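Computed from a predicted structure; not experimentally measured. Sequence lines set the chain letters: A, B, ... in the order given, protein chains first and strands last, and positions in each chain run from 1.
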There are 2 protein chains.
Amino acid sequence: MSVDAPTFSPLYRQIKDLMIQALEAGEWRPGQLIPSEQELAARFSVSQGTVRKAIDELAAENLLVRKQGKGTYVASHHDPRALFRFLRLVPMDGDLAHPESVPLECWRAKAGLEAARMLGIRQGDLIIIVRRILRFSGDPVVVDEIYLPGEIFQGLTLEMLQDWRGSLYSLFETRFGLRMIRAQERLRAVAADRGTAEILKVKEGKPLLSVERVTYTYGDKPVEWRRGLYLTDDHFYLNELN
Amino acid sequence: MSVDAPTFSPLYRQIKDLMIQALEAGEWRPGQLIPSEQELAARFSVSQGTVRKAIDELAAENLLVRKQGKGTYVASHHDPRALFRFLRLVPMDGDLAHPESVPLECWRAKAGLEAARMLGIRQGDLIIIVRRILRFSGDPVVVDEIYLPGEIFQGLTLEMLQDWRGSLYSLFETRFGLRMIRAQERLRAVAADRGTAEILKVKEGKPLLSVERVTYTYGDKPVEWRRGLYLTDDHFYLNELN
DNA sequence: AAGTGGTCTAGACCACTGC
DNA sequence: CAGTGGTCTAGACCACTTC
């Protein structure tokens with residue numbers, strides 16, 4: 001009853017893997033221009049069309065960004081368009097104001113059973129926990145609790161978070177060389193506990209949208225686990241089903 | 001300050017549009033095999049590679065399904081894999097039992113302001129409303145209220161819904177020739193009202209996940225508006241962010 | 001004008017399916 | 001074996017950006 005391993009890997013996929021290695025190794029950094037298709041074709045000794053197909057897939061996975069006439073760039077969370085790739089919360093009245101992140105706390109702890117499982121580390125390993133709120137045009141709408149593996153995020157402090165202008169992930173990218181590739185979210189409806197209710201200025205028991213997210217970097221390695229509680233009176237979570 | 005219309009449309013995209021027309025006109029029906037790439041290349045007087053790129057995009061949009069060695073098929077909601085394309089609710093304990101749909105009511109009404117706006121019809125136009133529940137291994141988990149334009153769904157009855165084995169969309173496909181292409185969902189957390197609470201066997205005020213969905217057919221035409229209330233004690237809404 | 005990605009073609013060969 | 005989609009190549013030309 002053994003299942004055969006895939007016995008055939010097309011050339012363009014091998015090239016793609018080589019390019020992922022180059023990205024992972026930091027040879028090409030976020031925001032930078034990578035070599036032209038012609039150069040890559042020469043480097044890997046394949047035709048331009050083959051490199052092209054590899055880049056096509058990497059662009060579809062949001063690892064690279066093509067710009068006609070200019071070249072191909074490594075995707076970066078500094079790009080303002082990247083912000084809403086993971087944040088699906090939208091104001092009900094087309095108000096496009098960017099949310100403002102307000103870090104509240106940042107402390108060290110030992111990983112419990114659940115955090116360890118979600119982050120792929122051992123129970124008892126050092127983790128860093130961040131609490132922050134997200135405000136839309138001044139009003140607190142989201143309370144986030146973010147669990148990070150201590151090994152990767154050594155040196156992260158509340159000050160660092162508070163001083164940073166930009167998204168969390170753009171900070172992670174520049175300070176820790178971490179690229180967030182994809183994420184998985186599990187949504188449920190829950191009742192607001194006392195503390196959360198106070199922060200969001202609602203009554204205890206208020207229905208909130210609970211969003212648990214595990215975020216992965218290269219090689220499907222989990223590097224962030226967070227739980228957000230969203231107040232959905234004036235906002236909703238928008239999801240496109242294709 | 002005028003914005004230029006896209007002044008250039010590549011050949012493969014024109015071919016793609018022609019193929020969408022063939023799908024829309026019913027020349028190729030769900031589940032059927034379409035002509036081979038060679039035949040299509042001859043029919044449209046382009047190279048196979050150009051047809052290929054058109055099909056690539058249609059396959060990426062889930063309108064077509066390629067099967068190596070066999071040919072290219074028109075996607076169908078009869079395909080069991082299609083079921084979970086739109087239903088993102090997953091049991092917390094990897095229980096893969098398929099949900100069971102239980103239609104409760106089906107009646108005619110005139111479209112109110114909101115239904116008319118969502119369905120792109122005029123206020124007062126005939127609509128059909130369906131109420132049903134979804135059960136996972138016997139337990140009611142979802143209450144759906146579904147609004148359909150009367151013009152398209154003439155003749156839909158509760159009996160028809162109850163007799164049907166399979167998903168709603170597969171019924172719509174065979175009985176009304178309607179292909180659901182994509183959908184948009186807006187999620188919020190709400191408190192259970194009296195009636196819903198009774199059906200789901202929970203207390204009034206229980207936090208529920210409200211899922212509003214607008215579903216589109218060819219040409220981005222909305223043809224269904226539904227609101228579901230999901231009980232998320234033993235299930236969650238799973239979303240992949242890529 | 002030079003360099004980039006984007007399109008289009010034609011042909012060869014590979015992998016998979018069904019007869 | 002023939003027919004299908006899948007891969008790979010080489011070359012020509014187009015559209016966009018920059019100098």
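Between B:Trp164 and B:Ser101, the side chains place no donor N or O within less than 3.5 Å of an acceptor N or O (distance only, hydrogens not considered). A side-chain donor from one of B:Tyr237 and A:Asn239 sits under 3.5 Å from a side-chain acceptor of the other. In this model, no donor atom of one side chain and acceptor atom of the other lie less than 3.5 Å apart for A:Gln68 and A:Arg66.
For DNA chain D, the neighbouring residues in residues 29-41 of chain B, judged by any heavy atom under 4.0 Å, are B:Ser36, B:Glu37.
Under the 6.0 Å distance and 45° angle rule, B:Arg182 counts as a cation-pi partner of B:Tyr216.
Spacing between atom CZ of B:Arg66 and atom C1' of D:dT7 amounts to 12 Å, rounded to whole angstrom units. Between the P atom of C:dC8 and the CD atom of B:Glu57 lies a distance of 11 Å, rounded to the nearest Å. Atom CD1 of A:Ile15 and atom C1' of D:dT9 are 13 Å apart (whole Å). When the C1' atom of D:dG6 is taken as reference, atom CD1 of B:Ile55 falls 12 Å away, rounded to whole Å. Rounded to whole angstrom, the span from the CD atom of A:Gln48 across to the P atom of D:dT7 amounts to 18 Å. Atom-to-atom, CZ of A:Phe44 to C1' of D:dT9 comes out at 18 Å; the value is rounded to the nearest Å. Rounding to whole angstrom units, CZ of residue B:Arg13 and C1' of C:dT7 are separated by 12 Å. Rounded to a whole Å, the CZ atom of B:Phe8 is 16 Å from the P atom of D:dC13.
In this structure, B:Leu148 and B:Ile152 have side chains that are not in contact, with every pair of non-hydrogen atoms separated by 4.5 Å or more. A:Trp225 places none of its side-chain heavy atoms less than 4.5 Å from the side chain of A:Arg117. Considering only heavy atoms from C-beta on, A:Val141 stays 4.5 Å or farther from A:Leu134 through its side chain.
Of the candidate nucleotides C:dG5, C:dC8, D:dG5, D:dG5 has the atom lying nearest to any side-chain atom of B:Arg52. Comparing C:dT7, D:dG6, D:dT9 by their closest approach to the side chain of B:Lys53 singles out C:dT7.
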Distances for protein N/O vs nucleotides 17-19 of chain C N/O pairs under 3.5 angstrom?
unit_1: C:dG18; atom_1: OP1; unit_2: B:Lys70; atom_2: NZ; d: 3.3

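Taking side-chain N and O atoms only, A:Thr50 has no distance below 4.0 Å to OP1 or OP2 of D:dT7.
Position along DNA chain D of the nearest nucleotide to A:Leu11 versus B:Gly71 favours B:Gly71 as the more 5'-ward residue.
Closest non-hydrogen pair, A:Asp144 versus A:Gly228, comes out as OD1-CA, 3.1 Å.
Atom CG of A:Asp163 has more than 12 neighbouring heavy atoms from other residues, nucleotides or ligands inside a 6.0 Å radius.
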